[in-house]
Structures are given as C-alpha cells and as structure tokens.
A.B. asks: 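Structure incoming, see below.
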Amino acid sequence: MNSSMKRRVVVTGLGAVTPIGNDVPEFWNSIKAGKVGIGEITQFDTSDYKVKLAAEVKGFVAKERMEFKAAKRMEPFAQYAVAAAKEAYEDAGLDIAKEDPYRVGVIVGSGIGSLRETEREYDKIQTKGPSRVNPLMVPLMISNMAAGNISIQLGLKGKCTNVVTACASGAHSIGDAFRAIQYADADVMLAGGAESCICPLGVAGFTSLTALSTCPDPLRASIPFDKDRDGFVLGEGAGIVVLEELEHARNRGAKIYAELVGYGATGDAYHITSPAEDGSGAAKAMELAINEGEIQPSQVDYINAHGTGTHHNDLFETKAIKLALGEAASQVAINSTKSMIGHLLGAAGGVEFIVCVKAIQDGFVHQTMGTRDVDEECDLNYTVGAPVEREINYALTNSLGFGGHNATLLLKKYTG
C-alpha cells in the first residue's frame, strides 16, 4: 500500500496510572498544578542504598480497577496496564460486542516486566529449594503479559504484541499500533507502555550503572537540562491510548482528541547506554515523523522531550532537536514530564503521549519542574520557571532507549 492510501489515525481514548494520579483527570490536574510525585522509597528498606528516592504510584488498589482473582494473577506492571487500558477503553466509548474483535488489537510494551517476581522466586530457590517456586512465576514475570492481560480482560482478539525497546517501548508500541491501523491490519488499537521495577534489584542495577540521581531533595532530584543534573529518578505506572481509524471513529460518533500523523523510528548503532553524541539518530527519528506529517519544522509548536536528567541524554537530545528543526529549534516550547513523575522506563512514552494530547487540547505547556539553572550547552526553551499557555497545532514526543532505540511521534490538533 503506497503512502497515498494510508488510512488516517486518531486518538479517541486515554488512560493512565502515574505517580501523580491514578487516572487521566487526576494526572492532568496534577500536571497543571506543577505537582512532583517523587519521594522516599516505601517499597523496600533503602538503608544500604545510595539512592533513596523514586516516583512511586500511590493509593492504587488493583481490586477496585479489575476483578480480584484476575488481579492476583498479575504483577503491578500488568495491573497498571489493565487499569489504564480499561480507562482508555471506557473513555473511547468502545463496546467490543459492536465490533469485530479481530479488528481490535493491543500493542503495549514493558521494558523489563517484573523484577520483583524474579527476586521473590530466586529467594525461594535459595532458602526453600526449586520445588517451591511459584507455578505462575513465568506468566507473572514476562513483559508481554501487560498486552496479554489487556486482551483477555477486554476481549480484544486482533493483533496483540509487545515491543521491548527499554525506555522507548511505550512510544514504539504506539508507533507500531499507528502503522497497524494505517495499513488496515486493525481498525482500533490500544497501545502504550507499563512498568513497575522500584525494587531492590531495579534500584541497585540502575545505581551501579550510575544512571540514577543520588540527590536527597525530591524537588531537585529530577532536573532535566539543569547544569546540576546527576541522573534520573525511577518511576512507575502505565499510559495507554486508544488509536482508531478516522472513519471508524466518525461512524460510531466517537470524540476525537487529536490526530496522529507521523512516526519515526531509528537506531543509533553507537553505544548500549549513551545516545549518539551528535544527536543524529534521534534527529532522524524526528525528521521522519515531521516528513510523514507533511509539515515544516517551523510548524512544530511543542516537544515533550525524553529529558531524563542524565548528562548525556539531555545534551545529545538538545543537539538532536537542533539538527532536526534547524533555526526553528529556538522557537519551539520544550519540556520534560520526567521532572514531575520521574522516568517510567517502558511506560514513559505512553504517559508522555497523553501529555501531548492534553497539551494540544488545553493549549498548555507544563513547566519543567525542579530545573532552575539550565546548562549552557542546553540552550533551548525548556519551559523553566513557569508553564506556558499557547496554541498547539503540532506536538512531537521523543523517547530514547538503551541500545540506541529512538522513537518520535507527531500529533496534530484534529480539525476534521
């Protein structure tokens, strides 16, 4: 199918579980209020750990969001995914009884799956022997079970897959779902990411990699583009959206939040953790998304940056934005949602996509919270000090994953 035959894709449902809200209205109100969801880790004793802070989901009760027996057979990353997917499904007004279930699919990524279950069962082997390992260990642990459980819970029988590209998993999942609808593999897709690995193994591993901030101040730990940034803050949650073929959405009278018009995906072929130093890989992903959307770089109003708060990411992403947008880079409003919710790893792209949709809807670019003194080498407009109200017709969101995985999605205000 050539490009002229590609079908248009719109966003008709949103669902989120985050460190600052367990549904989209609460999350977005917290974003607009500048709430930071970072605090002391409560899920395990951090006495022997350099890192004491994380962005935990708070007050989430799985049995209130899904059937109790089903919830018991899911780890938190999958519970968050199912809760967010149900919210998005209901928000979109979908009824699977009125759909061909084989035309409604799921692509939801998780970078890691359940490290907690891995920890628990390995401890059992060490203390009680291999015969005591939970028979459900494998289905609890593996990362595809976010997508699998969503499919089971909602009766979605179409394409059901799982993208694992570390911190780009959520964005790549949405991009692949976009392609599935464009090229008629599906009419409706639930897509995004989920993650929950604030546990001893997760925190110790990222700390040893020197990826995490060791700052003890919750309001200064996640400070993307700041000259004093020293790493990211581990977060958890899920962001799931409903993507739909335009005519399918119109025919059932769905409300349309925005249109997804471009997707770029590239590999740096450079380093297992560092982005390419000249930003070329991420720049190419942005360029591909912009070109597919058939717009000029100057038409991009807002970029939700990957913006992790690590030295290399923020510097090289800045270079990438300059490469992709040229002179227009200095005019675009940029921010990092990770300044408020930490880094949700495989879920980040899904949640940040929702921020872009809501930003277009409300004409609101949130402040990059905590950031005060911007690095001289990071010399773009990162929305520091106060949020900005402006009309947003086109928004880009970037996700960059360990292994050199780059994903960019281009959203457009829906005008019919």
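Sequential numbering from 1 along the given sequence is applied to the chain's residues. This structure is a prediction, so every number in the text was calculated from the model and none was measured.
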A.B. asks: Taking Ala177's backbone N and O only, do any of them form a donor-acceptor pair with Lys159's side chain (distance below 3.5 Å, no angle check)?
C.D. replies: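 Not confirmed, Lys159 side chain does not pair with Ala177 backbone.
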
A.B. asks: In this structure, are over 12 heavy atoms from other groups packed under 6.0 Å from Lys32 atom NZ?
C.D. replies: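 More than 12 heavy atoms, drawn from other residues, nucleotides or ligands, come within 6.0 Å of this atom.
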
A.B. asks: Within the 3.5 Å criterion, strictly below it, is a donor on Asn393 or Gln299 matched to an acceptor on the partner's side chain?
C.D. replies: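 No, Gln299 and Asn393 have no side-chain donor paired with an acceptor closer than 3.5 Å.
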
A.B. asks: Walk me through whether Asp226 and Arg220 qualify under salt bridge (Lys or Arg N to Asp or Glu O under 4.0 Å).
C.D. replies: CA-CA 10 Å; Asp226 194 293; Arg220 285 287 288 168; 2.9 Å; yes

A.B. asks: Counting C-beta onward and ignoring hydrogens, is there a side-chain heavy-atom pair between His306 and Lys338 closer than 4.5 Å?
C.D. replies: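 Yes, close enough: below the 4.5 Å cut-off.
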
A.B. asks: State which residues pass salt bridge (charged side-chain N to carboxylate O under 4.0 Å, His left out) with Glu247; sequence neighbours excluded, sorted by chain then number.
C.D. replies: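 Salt bridge (charged side-chain N to carboxylate O under 4.0 Å, His left out) list for Glu247, sorted by chain: Arg250.
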
A.B. asks: Between Gln43, Glu75, Glu236, which is the residue that forms a side-chain hydrogen bond (donor to acceptor under 3.5 Å, both in side chains) with Ser196?
C.D. replies: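 Testing each of Gln43, Glu75, Glu236 against Ser196, the sole residue satisfying side-chain hydrogen bond (donor to acceptor under 3.5 Å, both in side chains) is Glu236.
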
A.B. asks: Output all residues satisfying salt bridge (charged side-chain N to carboxylate O under 4.0 Å, His left out) with Lys52, sequence neighbours left out; order by chain, then residue number.
C.D. replies: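 Lys52 satisfies salt bridge (charged side-chain N to carboxylate O under 4.0 Å, His left out) with no residue once adjacent residues are dropped.
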
A.B. asks: Tell me whether Arg252 is salt-bridged to Asp95, with the criterion being a basic N under 4.0 Å from an acidic carboxylate O.
C.D. replies: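 Salt bridge: no.
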
A.B. asks: Could you tell me whether Glu117 and Arg120 make a salt bridge, using a distance below 4.0 angstrom between a side-chain N and a carboxylate O?
C.D. replies: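 Judged by the 4.0 Å cut-off on N to carboxylate O distance, Glu117 and Arg120 do form a salt bridge.
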
A.B. asks: Are the side chain of Ser30 and the backbone N or O of Ile20 linked by a donor-acceptor pair below 3.5 Å?
C.D. replies: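 Such a contact is found between Ser30 side chain and Ile20 backbone.
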
A.B. asks: If you measure only the distance, is there a donor-acceptor pair under 3.5 Å linking the side chains of His366 and Thr337?
C.D. replies: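 The answer is yes; a qualifying pair exists.
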
A.B. asks: Do Asn162 and Ser143 pair up side chain to side chain, a donor and an acceptor below 3.5 Å, judged on atom types alone?
C.D. replies: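 Result is yes, a qualifying pair exists.
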
A.B. asks: Are a donor atom and an acceptor atom from the side chains of Thr165 and His172 found within less than 3.5 Å of each other?
C.D. replies: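 Yes, because at least one side-chain N or O of Thr165 sits under 3.5 Å from a partner of the opposite role on His172.
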
A.B. asks: If you measure from the Lys or Arg side-chain nitrogens to the Asp or Glu carboxylate oxygens, is any gap between Lys227 and Glu377 under 4.0 Å?
C.D. replies: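 No salt bridge links Lys227 with Glu377.
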
A.B. asks: Do Phe206 and Val51 make a side-chain contact, defined as non-hydrogen atoms from C-beta onward lying under 4.5 Å apart?
C.D. replies: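 No, their side chains stay 4.5 Å or more apart.
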
A.B. asks: Are a donor atom and an acceptor atom from the side chains of Asn406 and Asp268 found within less than 3.5 Å of each other?
C.D. replies: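 Looking only at side-chain atoms, Asp268 and Asn406 do form a donor-acceptor pair, the distance falling under 3.5 Å.
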
A.B. asks: Which of parallel (below 30°), tilted (30 to 60°) and perpendicular (above 60°) describes Phe178 and Tyr263?
C.D. replies: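 Geometry flag for Tyr263 against Phe178: perpendicular rings.
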
A.B. asks: Scan side-chain atoms only and decide if Tyr89 and Asp91 contain a donor-acceptor pair under the 3.5 Å cut-off.
C.D. replies: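 No.
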
A.B. asks: Name every donor-acceptor pair, under 3.5 Å, that has one atom in a side chain of residues 78-86 and the other anywhere in the protein, sequence neighbours excluded.
C.D. replies:
| residue | atom | partner | partner atom | Å |
| --- | --- | --- | --- | --- |
| Gln79 | NE2 | Ala71 | O | 3.0 |
| Gln79 | NE2 | Met74 | O | 3.3 |

A.B. asks: When you check the gap from the basic side-chain N to the acidic O, do Arg229 and Asp375 get nearer than 4.0 Å?
C.D. replies: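 Salt bridge flag = yes for Asp375 with Arg229.
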
A.B. asks: Report yes if some heavy atom in the side chain of Asp176 is under 4.5 Å from a heavy atom in the side chain of Val163; otherwise report no.
C.D. replies: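 Counting from C-beta outward, Asp176 and Val163 do come under 4.5 Å.
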
A.B. asks: Do other residues, nucleotides or ligands put more than 12 heavy atoms under 6.0 Å from the NZ atom of Lys284?
C.D. replies: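 It does not: Lys284 NZ has 12 such atoms or fewer within range.
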
A.B. asks: Is the shortest heavy-atom distance from the side chain of Thr371 to the side chain of Tyr382 under 4.5 Å?
C.D. replies: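 Counting from C-beta outward, Thr371 and Tyr382 never come under 4.5 Å.
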
A.B. asks: Would you say Thr12 and Glu244 are linked by a side-chain donor-acceptor pair, where the criterion is simply a distance under 3.5 Å?
C.D. replies: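 Note: Glu244 and Thr12 side chains meet the donor-acceptor criterion.
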
